[in-house]
> 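Sending over a structure as structure tokens; questions will come in a sec.
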Amino acid sequence: MNTRPHDPLPKNFDFSAAEPDIYAAWEEGGFFRADPAAPGESFVIVIPPPNVTGNLHMGHALDVTLQDVLTRYHRMKGDNTLWLPGTDHAGIATQNVVEKTLLKEGTSREELGREKFVERVWEWKRQYGGNIVRQLRRLGGSCDWSRERFTMDEGLSRAVREVFVTLHEEGLVYRGQYLINWCPRCRTAVSDVEVEHENRRDHLYYLKYVVEPDPGGAASSLPPLVVATTRPETCFGDTAVAVNPDDPRFGEYLGRRVVIPLTGRSVPVVADAYVDMEFGTGALKVTPGHDPNDFQIARRHDLPAVSAIDEGGLLTGAAGPYRGLDRLEARPKIVADLERAGLLERTDPLEHAVGVCYRCRSVIEPLISLQWFVKIGSLAGAAREAVADGRTALVPAGWEKTYFDWMDNIRDWCVSRQLWWGHQIPAWYCQKCGETIVAREDPAGCPKCGGTELERDPDVLDTWFSSGLWPFSTLGWPERTADLARYYPTTVLVTGFDIIFFWVARMMMMGLKFMGDVPFRTVILHPLVRDAQGKKMSKTAGNVVDPLEVIDRHGADAFRFSLAVQAGQARDLRVDPKRVEGYSKFVNKIWNAARLADSLLRGGAAETTAAATPGTTPAAPATPAGPGAGTAAGTADARGSLPDRWIRARLNQVVKAVGLELDAFHTDRYCDQLYQFVWYEFCDWYLELVKPVAYGPDGPARRAALETLGSSFATILKLLHPVMPFVTEALWPRFAPAGWDLSPIMTQPFPQFDPRALDPEALDLIQCLMDVTRAVRQARSDFGLPPGAKLSPAVQTTDPARRNALSEHGPLLLKLMGAESLSLADDETPRPRESAVNVLPWGQVWTPLAGHVNPEAELARLEKESQKIRKEIAAARGKLQNPAYLDKAPEEVVAETREKLSEVERKLESLGRALELVRSLA
RNA sequence: GGGCGGUUAACUCAGCGGCUAGAGUGCCGGCCUUACAAGCCGGGAGUCGGAGGUUCGAAUCCUCUACCGCCCACCA
């Protein structure tokens, strides 16, 4: 069993066939499961629970990808890693969905009754609730499914009840009659954050309130009081007209009564400083039952509240003949009637914001209602403090201000909802004595009067009440479980910034209150997903890109990579299928590099060339350690060939860099660095450098090279695994180290930086080989040398190390630059007459042009280059002649400038010689 | 009304006090070189939104300003 696959890799990665099998193997292997008893530092993420009825959208995909990258990284690092998944019951949203299907069936929740309806929702949940969870698996999410939770499962419901009762005991939960936000469509109260404001073009109506005769019965000589309002239909709820006490225009009206138009009812004129003299007419109709400001004014003046609009959004009996009309339909009728009665002075256009329900977009109706509230002051204060003092960090930190502003201006949280789907409020009312009982266990009787006729509060709690407990309720609270002890506080929360108030803030409050500690150390607020044009994705706009379709088309790895590489500090992330396609090429690149490496390691050439030599001993397996392990010292031979030394040194640098990026949660830079390195260094240079050796005769040198090839590719796969779990897992069996025990790559240790494995010499010399190769390629391209032209370039340099490297790797270079021979020259060597010159900091490259010479063109080229260099010299000299610069700039910077200056001066000198020669030809 | 973000190559973005401002895509020219044409090689391309200021040095920090976007908000 413990054998490597021997068959050649297929030409392409068949991700659609491989992904499900790989995922199933991970899951069956139990590799996602966390063990609180295991050693290691804890790394914990709780998933932002998607709605049970939901389908995977781009926002989830981004969220899950980022969490999975971090989770896989920390798991490989050896941390005790838990990623806890689950779903949210999503009160209104879910209830709406089920109600819609009932409607199609020709019935309704009212017809079914509460019990049957709730049972229907559970049924729905059982049937479709698994959808979203299956879809998370398609993305490769390595969640610990054994710990999957649902906000309405038994344990979490207990936690909700415990929290509610405790808060009630402490006086932090109360019930009362206040003006709240009401959605007439959902027929429930909603909290402040659930109201969104939309700017609308509307009208300001000027209504005449006729002054009532004074108590003596004499008709008033005062003209009618004109009041401006956007909502004439609420006038039936007016209980006063208010003016500013300092407003000289209305002094005579104070204390008088005015008649509400269309009603005959009269109300007092009161003075209140709230009234803005500048706005409208300076007189404000006071409607305490339907406006938050008016509600406040009414409290100050002890005015009654009249409800003119009911919970269905219909006008009440207070509206007389208009009773039963919808508030929005009533307005034009009322305006017409006012006009007819001569009580409408005029109408002005006005743009203002109206509140709408964030779920159904209906206009929110403020009305007075008996609801449950959470007293928020102390909770918000603690939550604010925890971010202010750094116990929890928001990333990017710019969000802190938003968070503080919200916490500072927060009002009590209305938590009761007139829904059936959710956690029913644990409150009972004694029908005999009216006592309210809030209890952990269902009460049998009234503790006050002993009455047994109790009625339970029909309302349920705001969905966000239970999600606010998510970081500890999912770990078993209020039980003192091993999970809770080990995994709370969680390490990082990854979510979109759109739910800072809804969710993040509430978790902060609840975590601090009930666990005595913050729920997470870091909150990563990632961008919101937009379409390719930057527009919000929405069903109505028709620009929704389905993540599952993208995965079907390009594979999960390419999709994940495209999300992770774009998830920087910006606020928008544009999902463009073309871009995903671009990264699918990267997956293909990796696959093909693997094909090459694999075929070489298996002892033959690629299968596209000659057949593999039968019986050849497979290459020595890769070493398990990271790059360069144990090779810091020793002779050149012991360190291996120059390309070997170089790739190990580079890989070591990359290991360090990407580790730092991931530790700082910069998945974008982690991805970008790997992309650059794998494609433009490993594939474009290293693999090309290895080929001649690998295809050459067998021997110690070849074997050493193959060993480096195998181990470095294995390292690359491990580095890529967090973001590209599938393709790396699929390839792993080919590159796993000796003693391979069938354990998957996801359980391998993440490569570690080796501070001893630096090799600046190798980096420098390979750079030199690259420079020469590029110079010759450039000359070939610039002068249009035919593809078959035989070139015999020369490199002029006196640097012994470089001369050495060039002569040693001459044959190798010839292939890369398509030349016939390469010769070395020194300062004494005369330059061949017909040749292109590339000036490098340490020498020149001469490429003979063999009849393709065009001295004028080259002259122009060299002159252009010398212009550029002159400018650089001037800049560097200017700096070094500036005493302020020498005085104030850091030493390293000055040293760099000096070095730079001598380099460009050398270059210019060298260029000067070249120019001279070309001029003599031209 | 208050706050936040963006403005860098044709497009999408990175860089956020010091290398000649980068990458991907696109574009132009040349290659079917035996891992990959989903590829290779070479190339052109930007007064870093505008105006001031701080600094030896600014795309980067400060002030003002223009446009685009987002969030919060009890002027009816």
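Naming convention: chains lettered A, B, ... in sequence-line order (proteins, then strands); numbering from 1 in each chain.
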> Find the distance A/Glu581:CD to B/U25:P and express it as a whole number of Å.
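The answer, rounded to whole Å, is 11 Å.
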> Counting only side-chain heavy atoms from C-beta out, which of B/C36, B/A35, B/G3 sits nearest to A/Tyr695?
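Of all the options, the side chain of A/Tyr695 is nearest to B/A35.
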> Is A/Glu899 touching bases, backbone alone, or none of the nucleic acid, heavy atoms closer than 4.0 Å?
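Touches nothing.
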> Once side chain to side chain contact (heavy atoms under 4.5 Å, CB included) is applied, do any residues pair with A/Ser781, and if so which ones, sequence neighbours excluded?
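Residues passing side chain to side chain contact (heavy atoms under 4.5 Å, CB included) with A/Ser781: none at all.
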> CD of A/Glu351 versus P of B/G1: gap in Å, rounded?
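My rounded result for the distance is 12 Å.
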> Taking atom C1' in both B/G44 and B/G2, what distance in whole Å separates the two?
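Looking at atom C1' only, B/G44 and B/G2 are 48 Å apart.
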> Within a 6.0 Å radius of atom CZ on A/Arg553, are there more than 12 heavy atoms belonging to other residues, nucleotides or ligands?
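Atom CZ in A/Arg553 is not packed in, count stays at 12 or less.
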> Among all residues two or more places apart in sequence or in another chain, which pass the side chain to side chain contact (heavy atoms under 4.5 Å, CB included) test with A/Arg898?
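Counting only residues at least two positions away or on another chain, A/Arg898 forms a side chain to side chain contact (heavy atoms under 4.5 Å, CB included) with A/Leu880, A/Leu886, A/Val894.
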> With sequence neighbours excluded, what pairs up with A/Glu581 under the side chain to side chain contact (heavy atoms under 4.5 Å, CB included) test?
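Counting only residues at least two positions away or on another chain, A/Glu581 forms a side chain to side chain contact (heavy atoms under 4.5 Å, CB included) with A/His554, A/Ser584.
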> How long is the line joining CG of A/Asp668 and C1' of B/G15, in whole Å?
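Rounded to whole Å, this separation is 12 Å.
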> Angle class for the A/Trp399/A/Phe497 ring planes (parallel below 30°, perpendicular above 60°, tilted otherwise)?
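Ring orientation of A/Trp399 relative to A/Phe497: parallel.
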> Determine the interatomic distance between P on B/A59 and the same-named atom on B/G18; round to the nearest Å.
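Between the two P atoms, the distance is 11 Å.
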> Across the strands shown, which category fits A/Lys868 at heavy-atom distances under 4.0 angstrom: base, sugar-phosphate, nothing?
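The answer is base, as A/Lys868 lies within the cut-off (heavy atoms under 4.0 Å) of a base atom.
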> Are any of A/Arg574's side-chain N or O atoms less than 4.0 Å away from OP1 or OP2 of B/U12?
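Result: yes.
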> For B/U65 versus B/G26, give the span between their P atoms, rounded off to a whole number of Å.
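42 Å, rounded to whole Å.
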> For A/Glu872, what residues pass the salt bridge (Lys or Arg N to Asp or Glu O under 4.0 Å) criterion, not counting sequence neighbours?
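Residues passing salt bridge (Lys or Arg N to Asp or Glu O under 4.0 Å) with A/Glu872: A/Lys900.
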> Between A/Arg579 (side chain) and A/Gln566 (backbone), is there a donor-acceptor pair under 3.5 Å?
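Absent.
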> Kindly write out the residues that satisfy salt bridge (Lys or Arg N to Asp or Glu O under 4.0 Å) with A/Asp238, not counting sequence neighbours, or none if the list is empty.
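With neighbours one apart ignored, the set is A/Lys285.
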> Identify each donor-acceptor pair in which a side-chain atom of residues 400-407 of chain A lies under 3.5 Å from a protein atom, sequence neighbours left out, and give them as a table.
unit_1: A/Tyr403; atom_1: OH; unit_2: A/Ala383; atom_2: O; d: 2.7

> How far does the P atom of B/C61 sit from the matching atom of B/C16, given to the nearest Å?
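Taking atom P in both B/C61 and B/C16, they lie 10 Å apart.
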> Are A/Lys208 and A/Glu345 ion-paired here, with the side-chain N under 4.0 Å from a carboxylate O?
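Salt bridge absent between A/Lys208 and A/Glu345.
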> Which is more 5' along RNA chain B, the nucleotide nearest A/Glu872 or the one nearest A/Arg579? Just name the residue.
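Closest to the 5' end, via its nearest nucleotide, is A/Arg579.
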> Would you sketch RNA chain B in dot-bracket for me? Only Watson-Crick or G-U wobble pairs with both distances under 3.5 Å count, crossing pairs as [ ], other-strand pairs as |, the rest as dots.
((((((((.[[[[.)..(...]]]].(((((.......))))).....[[[[[..)....]]]]])))))))....
> In whole Å, what is the span from the CZ atom of A/Phe713 to the C1' atom of B/A35?
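Those two atoms, CZ and C1', are 10 Å apart.
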> Who pairs with A/Asp276 by salt bridge (Lys or Arg N to Asp or Glu O under 4.0 Å), at least two apart in sequence or on another chain?
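Listed in chain order: nothing, the list is empty.
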> Could I get a table of every N or O pair under 3.5 Å where one atom is in the protein and the other is in nucleotides 72-76 of chain B?
unit_1: B/C74; atom_1: O2'; unit_2: A/Tyr274; atom_2: OH; d: 3.3
unit_1: B/C74; atom_1: O2'; unit_2: A/Asn293; atom_2: OD1; d: 3.1
unit_1: B/C74; atom_1: O2'; unit_2: A/Asn293; atom_2: ND2; d: 2.1
unit_1: B/C74; atom_1: N1; unit_2: A/Asn293; atom_2: OD1; d: 3.1
unit_1: B/C74; atom_1: O2; unit_2: A/Asn293; atom_2: OD1; d: 2.5
unit_1: B/C75; atom_1: O2; unit_2: A/Asp276; atom_2: OD2; d: 2.4
unit_1: B/C75; atom_1: N3; unit_2: A/Asp276; atom_2: OD2; d: 3.1
unit_1: B/A76; atom_1: N6; unit_2: A/Asp276; atom_2: O; d: 2.8
unit_1: B/A76; atom_1: N6; unit_2: A/Phe279; atom_2: O; d: 2.7
unit_1: B/A76; atom_1: N1; unit_2: A/Asp276; atom_2: N; d: 3.3

> Please report, rounded to the nearest Å, how far the P atom of B/G17 is from the CD atom of A/Glu892.
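After rounding, the reported distance stands at 16 Å.
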> Taking any heavy-atom pair under 4.0 Å as a contact, classify A/Gln296: base, sugar-phosphate, or nothing.
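A/Gln296: no heavy atom of the nucleic acid under 4.0 Å.
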> With sequence neighbours excluded, tell me which residues meet side chain to side chain donor-acceptor pair (under 3.5 Å) with A/Thr347.
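Counting only residues at least two positions away or on another chain, A/Thr347 forms no side chain to side chain donor-acceptor pair (under 3.5 Å).
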> Quick one: A/Ile499 CD1 to B/C70 C1', roughly how many Å, whole number?
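One finds 17 Å between C1' of B/C70 and CD1 of A/Ile499, rounded.
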> Could you give the distance separating B/G42 and B/G24 at their P atoms, to the nearest angstrom?
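That atom pair is separated by 12 Å.
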> A/His290 side chain to A/Leu367 main-chain N or O, any donor-acceptor pair under 3.5 Å?
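No; zero donor-acceptor contacts below 3.5 Å.
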> Which nucleotide in the set B/A23, B/C36, B/G39 lies at the smallest distance from any side-chain heavy atom of A/Lys585?
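Given the options B/A23, B/C36, B/G39, the side chain of A/Lys585 is closest to B/G39.
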> Check nucleotides 40-43 of chain B against the protein and report each pair of N or O atoms closer than 3.5 Å, with its distance, or say if there are none.
unit_1: B/C40; atom_1: OP1; unit_2: A/Lys589; atom_2: NZ; d: 2.9
unit_1: B/C40; atom_1: OP1; unit_2: A/Trp679; atom_2: NE1; d: 2.6
unit_1: B/C40; atom_1: OP1; unit_2: A/Asp684; atom_2: OD1; d: 3.4
unit_1: B/G42; atom_1: O2'; unit_2: A/Ser781; atom_2: OG; d: 3.0

> If I take atom OH in residue A/Tyr403 and atom C1' in nucleotide B/C4, what distance separates them, rounded to the nearest angstrom?
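Rounding to the nearest Å, OH of A/Tyr403 and C1' of B/C4 are 18 Å apart.
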> When you compare B/U34 with B/C41, how far apart are their P atoms, in angstrom units rounded to a whole number?
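So the two P atoms sit 14 Å from each other.
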> For RNA chain B, whose closest nucleotide is more 5', that of A/Lys401 or that of A/Val893?
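So the residue in question is A/Lys401.
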> Taking atom C1' of B/C71 as reference, at what distance in whole Å does atom CZ of A/Phe497 sit?
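From A/Phe497 CZ to B/C71 C1': 9 Å.
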> Between A/Phe502 and A/Tyr358, is the ring centroid distance below 6.0 Å?
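Ring-ring flag for A/Phe502/A/Tyr358: true, centres closer than 6.0 Å.
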> Taking atom CD as the centre, does A/Glu351 end up with more than 12 heavy-atom neighbours from other residues, nucleotides or ligands that are less than 6.0 angstrom away?
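Atom CD in A/Glu351 is packed in, count exceeds 12.
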> Looking at A/Arg200 and A/Asp202, is any side-chain nitrogen of the basic one under 4.0 Å from a carboxylate oxygen of the acidic one?
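Looking at A/Asp202 and A/Arg200, the cut-off is not met.
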> Determine the Euclidean distance between corresponding C1' atoms of B/C27 and B/U12; express it in Å to zero decimal places.
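About 16 Å, rounded to a whole number of Å.
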> What N/O pairs connect the protein and nucleotides 53-58 of chain B at under 3.5 Å? Give each pair on its own line.
unit_1: B/C56; atom_1: OP1; unit_2: A/Lys888; atom_2: NZ; d: 2.0
unit_1: B/C56; atom_1: O2'; unit_2: A/Asn882; atom_2: ND2; d: 2.7

> Taking atom C1' in both B/G39 and B/U7, compute the distance separating them and give it to the nearest angstrom.
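That atom pair is separated by 36 Å.
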